[in-house]
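Structure, as C-alpha cells:
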Amino acid sequence: MASLVSSPFTLPNSKVSSFSQKHFPLHTVLPKKLSQKNQESSHKFKCAAIGNGLFTQTTPEVRRIVPEKSKGLPVVKVVYVVLEAQYQSSLTAAVQSLNKNGDFAEFELVGYLVEELRDENTYKSFCKDLQDANIFIGSLIFVEELALKVKTAVEKERERLDAVLVFPSMPEVMRLNKLGSFSMSQLGQSKSPFFQLFKKKNKSSAGFADSMLKLVRTLPKVLKYLPSDKAQDARMYILSLQFWLGGSPDNLVNFLKMVSSSYVPALKGSKIKYSDPVLYLDSGIWHPLAPCMYDDVKEYLNWYGTRRDVNENLKSSNAPIVGLVLQRSHIVTGDESHYVAVIMELEARGAKVIPIFAGGLDFSGPVEKYFIDPVTKKPMVNSVVSLTGFALVGGPARQDHPRAVEALMKLDVPYIVALPLVFQTTEEWLNSTLGLHPIQVALQVALPELDGGMEPIVFAGRDPRTGKSHALHKRVEQLCTRAIKWAELKRKSKTEKRLAITVFSFPPDKGNVGTAAYLNVFSSIYSVLKDLKNDGYNVEGLPETSEALIEDIIHDKEAQFNSPNLNIAYKMSIREYQNLTPYASALEENWGKPPGNLNSDGENILVYGKQYGNVFIGVQPTFGYEGDPMRLLFSKSASPHHGFAAYYSFVEKIFGADAVLHFGTHGSLEFMPGKQVGMSDVCYPDSLIGNIPNVYYYAANNPSEATIAKRRSYANTISYLTPPAENAGLYKGLKQLSELISSYQSLKDTGRGPQIVNSIISTSRQCNLDKDVDLPEEGVEISAKERDLVVGKVYSKIMEIESRLLPCGLHVIGEPPSAMEAVATLVNIAALDRPEDGISSLPAILAETQGREIEDIYRGSDKGILRDVELLRQITEASRGAITSFVDRTTNKKGQVVDVADKLTSILGFGINEPWIQYLSNTKFYRADREKLRVLFQFLGECLKLVVADNELGSLKQALEGKYVEPGPGGDPIRNPKVLPTGKNIHALDPQAIPTTAAMQSAKVVVDRLLERQKVDNSGKYPETIALVLWGTDNIKTYGESLAQVLWMIGVRPVADTFGRVNRVEPVSLEELGRPRIDVVVNCSGVFRDLFINQMNLLDRAVKMVAELDEPEDQNYVRKHALEQAKTLGVDVRDAASRIYSNASGSYSSNINLAVENSSWNDEKQLQDMYLSRKSFAFDCDAPGAGMTEKRKIFEMALSTADATFQNLDSSEISLTDVSHYFDSDPTNLVQNLRKDGKKPSAYIADTTTANAQVRTLSETVRLDARTKLLNPKWYEGMLSSGYEGVREIEKRLTNTVGWSATSGQVDNWVYEEANTTFIQDEQMLNRLMSTNPNSFRKLVQTFLEANGRGYWETSAENIERLRQLYSEVEDKIEGIDR
C-alpha cells in the first residue's frame, strides 16, 4: 500500500515505508505521519508493478471446485467466463449443493473473469481447462481484445464440447453458441426473429435487451408445441437464459441439471428431474427489509409507512427522498451487501429511499415508471443515485444517450452515478496510482457522463476470494451525504441557501485575482449575483458596479494601490484548523507545521474574500510551490498547503455553503495529487471538496480539463461561450502593403509595375516579412513573372494575417453575442465540408462556379500564385458578404436575432429573393448552385439560433435549485455546432471511439505535409524521429486527429470492432506506406493521460508491434533505434521501444510554465531538467496496471534521435501565446542539448484551425501570433475594453512569448522591439495600462527587463533605462509612496 500513502504525494526527501508488506484492513486509512527515520532521496524509488503488472492479480483457482470422485458417478466439467464476479458465489453454491445431494453426476467447476485473460499464464490455463470441459458458459463479454481471445480458445474445442452457452456479449462470441442442433453461427445473417434482434438497425442495444427479455418470456411457451428437435434446442437455449437471468443458486442448480442431462452423452437418457426457472420481476422496487419486490410505488410507500424499525422523521413528508438504481443480477444472485449498506446509510441520515432495479440494460422505463408521479408528472425523489455504474440505457453494449437524457430531463433531479469495483479487488484499487481500471473508466465513467451523470465515487469493493461485493464504509458515507446535499438544494428556500463563489488567482499576484480563460470574471460574477438577487437569493450589500466589486475584494480604492493584501474574510486559528481539517497532519510532510507562510499572518491562516448576505466570494489559494525552483523540479507534485486546505474547511464548515461555484477555467483543486479516477479518501481533491455540491463554470472549448474537474472534484460543469471570433484585419505597415498590392494589380502592365514592386519589397522589410517570404534585393531587375511571384507570396502572407480568427475581448456570463458578432463564427462554420450531413462548404460552392476545386486554390495560394491568391480573397469576401446579408435579414434594429425559424421559412424557397442569391448576383459567383446553397443556409440558420441562444445563467440556477442540467459535448463550436448553446453540463466523448475514420484521413494529410516540409528543410532526407505532444482537448475536438497522426507516422492503422470502438491496430505494409516508418517520442499531457489511458495503451502496443517487425532498419526507424537502445542499456527490444510518456499519475505539466510565469528559474538547463524529471514516466502496455513508470534513460535516448519537434493547433481561440501549456511541453532546445551532434531540431506546428490545413515552422507561427494578437490594435483594444482583466491578458501574451524564447529560441528580436514601441513608448497607452491594473503593468515591465536580461531581446540602452525607471515608479505607486 505504499503508493496509497506516499508515492503520489511525496516530495523526494521522504523515505517510502514498508507499508506494502503489511495487510491493511480494507477500509481506507490516513497516515498519521510517515516514518521519517532515513531522510534519503526517493528519486531512485520506482513504483514496481505488483505481480504481473496487470490490473488484477486474482486467480481463477479461487473459483475452482474439484469433486471427490468417490461415488463413481460421471464427472461433468463446467468452465465459465464472466465480466463481473457476482455470479461466482451463486454458481459455487449451486455446484456444491449438486455435489452434496446429487446422485446422477459430480460437477467440476472453474470460472474466469474476462479481465484475468490478459495474463498469458491465466489464458494458457483457460485453454487447458477447455480441453476436457463438457460445458462452456460466457456472459457480458464486451471488451474486444479479450472477446477475441475467448473466441479463439473456444472455437478450437467447440465441436468437441457438449454445450456452449453464451449470453448477451459481442456478436463474435455469441456465434459460438451451440445446443444440439441450435447454433448462432449465422448470427446477423439469418431471417429468423431471434437474429433480427442483433441487426445493427437496432440503434440501441438497450432496446435489443428489452426485446430479448420479452422474447425470453413468451418463446418457451410457443416452442413447446413445435415438434422438431431444432425448436426444442432453441427452447432449451431460451430456458437457459431465463435460469441465468434468474441467477439464484436454485435457478442455477436446475439450469445445470437441465443442460447436462440433455446434452452430456454420459447422462443422456437418465431421467433427471428439474424445475422450471423461478422468474423474478424484470423491473421493480426492492428493499432488503421488504417482504417482497414491488411493481407499484404506491404499494411500496404504503409498506414504508408501516415500518416499525425506523424513527418517525423518516416517515414524515419532510424527509428528503433519494432514488437508487440497482442491477437486478446483484439482487437475484444474493450479492447485494453493498446495496444494503447504501440504503441503510441513507436512512440513518434521515432520507427515504426508493431503490429500483431492472433486468435488461435499459433503465429509462423504470426511472419514469417509479420516480415520476403518474398524476402530477412531478418527480417523487429529490436526487437519484445509480449504483450500477453503467449508462442509463444500454449498459456495457451499445448506448442510447438521447433516450437517457430525455428520461432524466423529465425527472429533473441531480443524477449521480457511483461505481462498484468490477475488474479490481479492493486492495488492487487502493494500491493503484491510476485508481480505476481503464476499461471500467471507459464503460462506467465516460459513458454515464454522456447521460449527464456526475460524481464517480467508488462505493464498493470486491473480495478476491468469493468475488462478492462489499461496501467501502467511508466512501458510502461520503456518497450518501453528497446525495442528500444535492437533494437538499431542491428543498431549501432561495433566501436560506448559502453559496460560495470561488475565483482563482494565477500566477499569484494581486493583478491576477479572477483569472479564467476568455472570461471577464468580475463582470460575470456581478451579472450572476444581480440575477440571483432578483430571483430571491440573499445578496445583501452588493455594490453598485462590477468595478466596485473588484475593489471590495482587492481591498482598495486608489486603483488598487497602497495595499499589498487582499481583503481578509476570516482568520482561522491553528487549533480550529486542525479540528476542522482531519487530514491536516498529512500536509506537514510537504509544508511543515501550520500555519506555514502561505495565506497566513504567522499566527492564523487567512481566508481571502468578501461576504454579501448568504454569498461569499473567496479567492482560491494557489499550488504554493510555483515560486520555488527546487520544488518545481520534483517529479511528483506536492500536496496542497495548509492555506489551501483551510480555505475549503472554511467554505464547508464555517461559512456552511450549500454549494460552491468555481468561477471559470480553471483552478488548482482538481489537479491536486491523488488517483487519476475513482479516488479513495486519502486523495486530496476528494478530501478538499468534502461534502459540498460543486458547480463549475467551464469554457465550452475545453472539455478535457472540464472532465478532470468532473471526475476529480465531483463538479457539475456548466459551459460558457468563448468570445465571438473576428478576423484579425490589417494595421499600420501591413495595411499599406495591401494598398500597394491592389495598385500593383491594376497597374502591373504599365511602366509603374517595377517601381511599385520595389515599394512592396521595402515595406515588407519594414514589417519584418522578410523572415517569412524570400524577398529579392531592392533595385535588382526581375522579370514580370518573378514580380508576380514576389507579390503573390507577400499577398498570401498578408491574407493569412488578415483572415486569422481572434477572440476579441472577454466573455461575460449571460451576454450572448449579437448577430453581427456571430457572422465571423458562421463564416467559419460555412467553410467546412460536412459530407456526413450532405452539406458542401461555401468556398467549395463558389469555387465550382469558376470551374475550380477549392483544394487547388488553397494549394496555389500557399505557393504564392498571384491569380489564386486573388481568387481566394474574392471567395473569402463573397462568403462574408453572403452570410452578412443573410444575418441582416434575421435581426431587428437593435442587432438582436429574432425568430430565425419564421424568418427562414419566409426567406427559403423564394429562389431569387434569398438574400445570399441577391448578394452573389452582383459578384463573379452569380452562377452558384442554388440547391447546395439552400441546404447550407438552412444549416447555418440552425447554427445562428444556437450561437445567440443563452442558457448560462439559466443552467446555473437549475443546478442551484437541485435540478438536472442537460449534458452536451464540449469542443470547438466551428467543427461541432452541437457544442451550442452553452450552459450545458460538458462531457468529453467515449474514449474508445477515437480515432475516427475521418480523423485518420485528416491525419494522413497533415503527416504527409509535415514530412514533405521536413525533407525540403533537411536536404531531401526523412526525419528519423519526431518528438510530439498529445493534448486532451485537441483529441476530443478533432475526434483523435493527433492520435491518428502518431499511428500514421509509424505506419499502422486502427481497427474498429462491431460497436465502432477502437482497441486494436494493424501495420500498414511498407509498399502501401511508400516511405520509412518514422520513430516517435510522444509526450502526453497529464489530462490526456487521465482521459485516454486506453489510447496510450493502444499507442504503446502499436509502437512495440512496429519495433518487432522483421524489416530493414533503413525502412523502420522505430526498430533501428529500439535495437540500438536495447543494446546500449542491456534491456529487451520491447522495453527499449518505450515511446509513450507523461507525468507520474496524479501530477500535471512539466512546471516550466510555472517557472516562467513566476520568473523562478536560473537558466535554460534548469527548465530542461524540470521537463526530464517530470515527463519521463512511460506507459507500458505489457503491465498496464502498474501505471506510469519512470524510464528516464530510455526517454533521453529516444529524444536524442529527434530531427523535428511537432505540435498541433486546432482551434482559433487558443494559439501558441494564449496559454502557457504549449511552451511548457516544447522540447526543442532540450533535444538540441541531448543530440550527440548538438544540432537544433526543426520545430513545426500544424494548424488545422481552417479548412486549409497548414504546416508552419514554430518561428513562423510565433510571428503570425504576434502580428495578429499582441501587436494588433484590434486585439489589444478589444482586451482593454474589459478593463482590469484586459491588462493582464496583454501581460500574459508577453510572458508566454518569453516562455517560447526559453524553450525553443524561436522568437525574433523585432517581436519584443515592436511590443516595447506599442505598450511602453506610447505615453498614452502606458498611462492607460498603469492606471487600469498597476500590478499587471508592473509584471509587464518586469517581463521586458527579463527578456533583455536573459539575452532574448537586444535593444538600446535608453529603452532599458526607461523600463527600469518605470519599474521603480510603479513599485512606489503600488506601495503608496508619492515622490
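This structure is a prediction, so every number in the text was calculated from the model and none was measured. Numbering of residues begins at 1 and proceeds along the displayed sequence.
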Practice task
Would you check if the side chain of D686 reaches a backbone N or O of M679 as a donor-acceptor pair within less than 3.5 Å?
Solution key: no

Exercise for the section: Would you check if the side chain of S687 reaches a backbone N or O of C683 as a donor-acceptor pair within less than 3.5 Å? Expected result: yes

Practice task
Mind listing the closest non-hydrogen atom pair of L419 and G389 along with its distance?
Solution key: CD2-CA, 4.0 Å

Exercise for the section: Compute the centroid of each ring, for Y304 and then for Y300, and state whether the two points are separated by less than 6.0 Å. Expected result: yes

Practice task
For S337 and S469, indicate whether the former's side chain and the latter's backbone hold a donor-acceptor pair under 3.5 Å.
Solution key: yes

Exercise for the section: Carefully, step by step, assess E961 and K957 under the rule salt bridge (Lys or Arg N to Asp or Glu O under 4.0 Å). Expected result: CA-CA 6 Å; E961 284 161 31; K957 291 199 288 205; over 6 Å; no

Problem - Donor on one side chain, acceptor on other, T717 and N985, under 3.5 Å - result: yes

Practice task
Step through the shown structure and confirm whether more than 12 heavy atoms of other residues, nucleotides or ligands are within 6.0 Å of CD on E496.
Solution key: yes

Problem - Any side-chain donor near an acceptor of the partner, N302 and E299, under 3.5 Å - result: no

Exercise for the section: Verify the neighbour count for atom NZ of K533: are there more than 12 heavy atoms of other residues, nucleotides or ligands below 6.0 Å? Expected result: yes

Practice task
Examine the side chains of Y370 and D295 and answer whether a donor and an acceptor come within less than 3.5 Å of each other.
Solution key: yes

Exercise for the section: Please tell me if the side chains of E368 and K410 come closer than 4.5 Å, counting only heavy atoms from C-beta onward. Expected result: yes

Exercise for the section: Could you please spell out the steps behind the side-chain contact (heavy atoms from CB on, under 4.5 Å) verdict for V385 and V342? Expected result: CA-CA 10 Å; V385 182; V342 174; 5.9 Å; no

Handout entry: Short side-chain to backbone donor-acceptor contact, R403 and D362, under 3.5 Å
Key = no

Problem - Side-chain heavy atoms of M344 within contact of P288, under 4.5 Å - result: yes

Exercise for the section: Would you check if there is a donor-acceptor pair between the side chains of N604 and Y570 at a distance under 3.5 Å? Expected result: no

Handout entry: Between CZ on residue F357 and CG on residue L326, distance to nearest 0.5 Å
Key = 8.5 Å

Problem - Side chain to side chain, H287 and I354, heavy atoms closer than 4.5 Å - result: no

Handout entry: Any donor-acceptor N/O pair, S546 side chain to Y526 backbone, under 3.5 Å
Key = no

Practice task
State, with a plain yes or no, whether a side-chain heavy atom of F644 is found less than 4.5 Å away from one of S668.
Solution key: yes

Handout entry: Distance, nearest 0.5 Å, that separates CG of L580 from CE of M572
Key = 5.5 Å

Exercise for the section: Return yes if a side-chain donor-acceptor contact under 3.5 Å exists between T502 and Y647, otherwise no. Expected result: yes

Practice task
Applying salt bridge (Lys or Arg N to Asp or Glu O under 4.0 Å), run through D296 and K298 and close with a yes or a no.
Solution key: CA-CA 6 Å; D296 179 343; K298 292 276 187 296; over 6 Å; no

Problem - Heavy-atom side-chain proximity of I813 to L721 below 4.5 angstrom - result: no

Handout entry: Distance-only side-chain donor-acceptor flag, Q578 / R575, under 3.5 Å
Key = no

Problem - Side-chain touch E576/I654, heavy atoms, less than 4.5 angstrom - result: yes

Exercise for the section: Could you go through the side-chain contact (heavy atoms from CB on, under 4.5 Å) check for L314 and E347 one step at a time? Expected result: CA-CA 7 Å; L314 204 57; E347 292 186 342; 3.9 Å; yes

Exercise for the section: Would you list the pairs meeting side chain to side chain donor-acceptor pair (under 3.5 Å) in which at least one residue belongs to residues 690-699, sequence neighbours left out? Expected result: H662-N694, E670-Y696, E670-Y698, N694-S713

Problem - Under 3.5 Å: donor-acceptor pair, side chain of K497, backbone of L960 - result: yes

Practice task
Taking N382 for its side chain and K490 for its backbone only, find out whether a donor-acceptor pair lies under 3.5 Å.
Solution key: no

Fill in the blank from the handout: Rounded to the nearest 0.5 angstrom, the CD1-CZ distance for I457 and R482 is 5.5 Å

Practice task
Apply ring-ring contact (aromatic ring centres under 6.0 Å, His included) to F655 and list each qualifying residue two or more places apart in sequence or on a separate chain.
Solution key: F616

Handout entry: Closest heavy-atom pair and its distance - P320, I484
Key = CG-CG2, 4.3 Å

Exercise for the section: Would you indicate whether K978, at its atom NZ, is surrounded by more than 12 heavy atoms from other residues, nucleotides or ligands within a distance under 6.0 Å? Expected result: no

Exercise for the section: Indicate whether the side chain of H811 and that of E952 have a donor and an acceptor atom separated by less than 3.5 Å. Expected result: yes

Practice task
Output the distance between atom CG (L301) and atom OH (Y294), rounded to the nearest 0.5 Å.
Solution key: 10.0 Å

Practice task
For the pair S523 (side chain) and N520 (backbone), establish whether a donor and an acceptor sit closer than 3.5 Å, ignoring hydrogens and angles.
Solution key: no

Exercise for the section: List in chain and number order the residues that pass side chain to side chain donor-acceptor pair (under 3.5 Å) with E449, two or more places apart in sequence or in another chain; answer none if no residue qualifies. Expected result: R711

Handout entry: Side chain E1285, main chain L810, donor-acceptor under 3.5 Å
Key = no

Exercise for the section: Report yes if the side chains of E705 and F671 come closer than 4.5 Å at any heavy-atom pair, otherwise no. Expected result: yes

Exercise for the section: Enter the distance from Q958:CD to L956:CG here, rounded to the nearest 0.5 Å. Expected result: 9.5 Å

Handout entry: Side-chain donor-acceptor contact under 3.5 Å, E336 with W286
Key = no

Handout entry: R712 side-chain N/O to K675 backbone N/O, donor-acceptor pair under 3.5 Å
Key = yes

Practice task
Go through the side-chain N and O atoms of H401 and E406 and say whether any donor and acceptor fall under 3.5 Å apart.
Solution key: no

Exercise for the section: Evaluate whether atom NZ of K315 has more than 12 neighbouring non-hydrogen atoms of other residues, nucleotides or ligands under 6.0 angstrom away. Expected result: yes

Handout entry: Intermediate values then yes/no, side-chain contact (heavy atoms from CB on, under 4.5 Å), D658 and E488
Key = CA-CA 8 Å; D658 291 299; E488 288 297 340; 5.8 Å; no

Handout entry: Min side-chain heavy-atom separation D552-I617 under 4.5 Å
Key = no

Handout entry: Test side-chain contact (heavy atoms from CB on, under 4.5 Å) applied to S524 and F663, step by step
Key = CA-CA 9 Å; S524 296; F663 219 94; 3.5 Å; yes

Problem - N951 and S955 side chains, donor-acceptor separation under 3.5 Å - result: yes

